[in-house]
Amino acid sequence: MGIKSTELPIPLSSPLLSTRNVESQYHGTPSSSVPPALMLSTLAAVFGSYVFGSAVGYSSPAQSGIMNDLNLGVPQYSIFGSILTVGAMIGAIVSGRIADYAGRRVAMGCSELFCILGWIAISFSKVAFWLYVGRLLVGCGIGLLSYVVPVYVAEITPKNHRGAFTAIHQLMISLGMSLTYLIGAFLNWRIVALIGTIPCLVQLLSLPFIPDSPRWLAKIGRLKESDSALQRLRGKNADVHHEAAEIKDYTEALQRQTEASIIGLFQVQYLKALIVGVGLMMLQQFGGINGIVFYANSIFISAGLSESIGTIAMVAVKIPMTILGVLLLDKSGRRPLLLVSAFGTCLGCFLAAISFFLQDLHKWKEASPILSLVGVLVYVGSFSLGMGAIPWVIMSEIFPINVKGSAGSFVTLVNWLCSWIVSYGFNFLMSWSSAGTFFLFSSICGFTVLFIAKLVPETKGRTLEEIQASLNSYSTKR
């Protein structure tokens, strides 16, 4: 059932959300030190992000080996590449419910079991059917991970570190993708699939040693455990009284309302949050990212480049730009970084489109492959700077705890549905027109700039409760 009340759970004028009270939890100045428990908990969580990245990056270097060994054509391999996103949609549908009812740690553990079974099935498959089954299982796992990891990290982290810590999710995705590209260039696809089980096992074995989310524990009424987890995450000498009280009061106010289903999300008080969350996820995917990273090798070959040179260049750009995005996120803010990132992806796709257009005209034959490489690198670097991480950061920040499960499932499902459309249709689009494909992506990235400028709020330096109350206030007043 949907939430019946349209009133704010806590008004912005409440003393609970006043600047003075929020800052007092840090004794007036947010601490710059990071407690070991917070670091270790974040590290354990983002091993799941590495698994996510390795799954996405696997299909590009494995393409020629799998197609040769199992006699697959392009349509069959397109199914293999895109069925990952079908599994991720299944995982996304249940991700919020599992994370809400069983907890964030249990959800991460379930996801890794799916991924381990999937990698093993891929590694030992002799026919396309088991290849698809394995890829589908891995997809189910990363569909869960793509929701629960940024949500868990956002919920355990203080506001002055939240942006950078949540963005580590994207850094580890980039690391997983990049290392899988490199490993896949030298090792057999079956061995690379077995290697994919290692980070799954690392996260699975580390989960019993980290605390669950204090906000989730408060939501289900385990207040003593919530206070204990918060104390552990902030350090044994930290004063967590005000932060614990804020979490408790805000959660209790929200729980006086009915928990929202997915249908219940389409109410006026959640309208702006839903538009922002869904809009960013759709534009992130329709900008072409998964088509480009799934089939990077074939793009470079089509452009007349060596696939190994292109792959190494992508890795050399992707990781440093992701690190730069993590470092800048809590300094520059979400909106400026998103705007720069979206503009860069628009420019990168435009340059790649021009290079393929010149190839079609049989002009500048020597320069057009270099131009396509520059375009892809500008796109990947710009995406890594902001558009990769920040939509997930904002998704983890904007929804209240009583709708976070339903909203998170819905937004993540939309992301993976759009990803499936792009990853399945990419090869067919390239067959129709390589230049047209990249011109289309460039136009969508240009629209993304306008969407961010008009609708996306700045969430830097604000508690989760402040962000959610302000979005509710906006929608209610309208």
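The residues of the chain are indexed from 1 along the displayed sequence.
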Residues 121-142 vs ring-ring contact (aromatic ring centres under 6.0 Å, His included), sequence neighbours excluded, gives none
Closest heavy-atom pair, Leu274 versus Phe399, reported as atoms and distance to 0.1 Å, is N-CE2, 4.0 Å
Donor-acceptor contact present, side-chain Gln284 to main-chain Gly388, <3.5 Å: yes
Sidechain-backbone polar pair: Thr412 side chain, Ser409 backbone, donor-acceptor under 3.5 Å: no
Donor-acceptor check, side chain of Arg97 to backbone of Ala102, threshold 3.5 angstrom: yes or no? no
Would you check if the distance from the ring center of Phe350 to the ring center of Phe438 is below 6.0 Å? no
Using atom types as modelled, flag every donor-acceptor pair under 3.5 Å from a side chain in residues 441-448 to any protein atom, sequence neighbours excluded.
residue, atom, partner, partner atom, Å
Ser442, OG, Cys346, O, 2.9
Ser443, OG, Phe439, O, 3.0
Thr448, OG1, Ile444, O, 2.9

Report yes or no: does Trp216 contribute a side-chain atom to a donor-acceptor pair with the main-chain N or O of Asp100 at less than 3.5 Å? yes
What pairs meet the salt bridge (Lys or Arg N to Asp or Glu O under 4.0 Å) rule with one or both residues in residues 41-66, with sequence neighbours excluded? none
Has Arg335 got a side-chain atom pairing as donor or acceptor with Pro457's backbone, closer than 3.5 angstrom? no
Test of understanding: with ring pair (Phe, Tyr, Trp, His ring centres under 6.0 Å), list the residues that count as partners of Trp420, not counting sequence neighbours. Tyr424
Any chance the side chains of Trp416 and Ser146 put a donor and an acceptor closer than 3.5 Å? yes
Side chain to side chain contact (heavy atoms under 4.5 Å, CB included) between Leu338 and Ile394, worked out: CA-CA 11 Å; Leu338 268 178; Ile394 290 176; 4.0 Å; yes
Just distance, no hydrogens or angles: give the donor-acceptor pairs under 3.5 Å from side chains in residues 192-202, sequence neighbours left out.
residue, atom, partner, partner atom, Å
Thr197, OG1, Leu194, O, 2.6

Would you confirm whether Gln203, through its side chain, and Ala45, through its main-chain N or O, come within 3.5 Å as a donor-acceptor pair? yes
Using a 3.5 Å distance criterion without hydrogens, assess whether the side chain of Arg190 forms a donor-acceptor pair with backbone atoms of Ser125. yes
Donor-acceptor list for residues 65-72 side chains, cut-off 3.5 Å, not counting sequence neighbours:
residue, atom, partner, partner atom, Å
Asn68, ND2, Ser64, O, 3.0
Asp69, OD2, Trp189, NE1, 2.8

Name all residues meeting the ring pair (Phe, Tyr, Trp, His ring centres under 6.0 Å) criterion together with Phe165; count only those two or more places apart in sequence or in a different chain, and write none if there are none. His161
With sequence neighbours left out, the residues meeting side chain to side chain contact (heavy atoms under 4.5 Å, CB included) with Ser49 are Val46, Val149, His169, Met172, Ile173
Under the rule for side chain to side chain contact (heavy atoms under 4.5 Å, CB included), what residues qualify as partners of Ser433, not counting sequence neighbours? Ala435
Going by the rule side chain to side chain contact (heavy atoms under 4.5 Å, CB included), which residues pair with Thr322 if we only count those two or more places apart in sequence or in a different chain? Gln170, Leu171, Ser174, Lys318, Ser384
What pairs with Ser213 under side-chain hydrogen bond (donor to acceptor under 3.5 Å, both in side chains), at least two apart in sequence or on another chain? Glu155
Could you check, using the six-membered ring where one of them is a Trp, whether Phe80 and Tyr77 have ring centers closer than 6.0 angstrom? yes
With Arg105 via salt bridge (charged side-chain N to carboxylate O under 4.0 Å, His left out) - residues at least two apart: Asp212
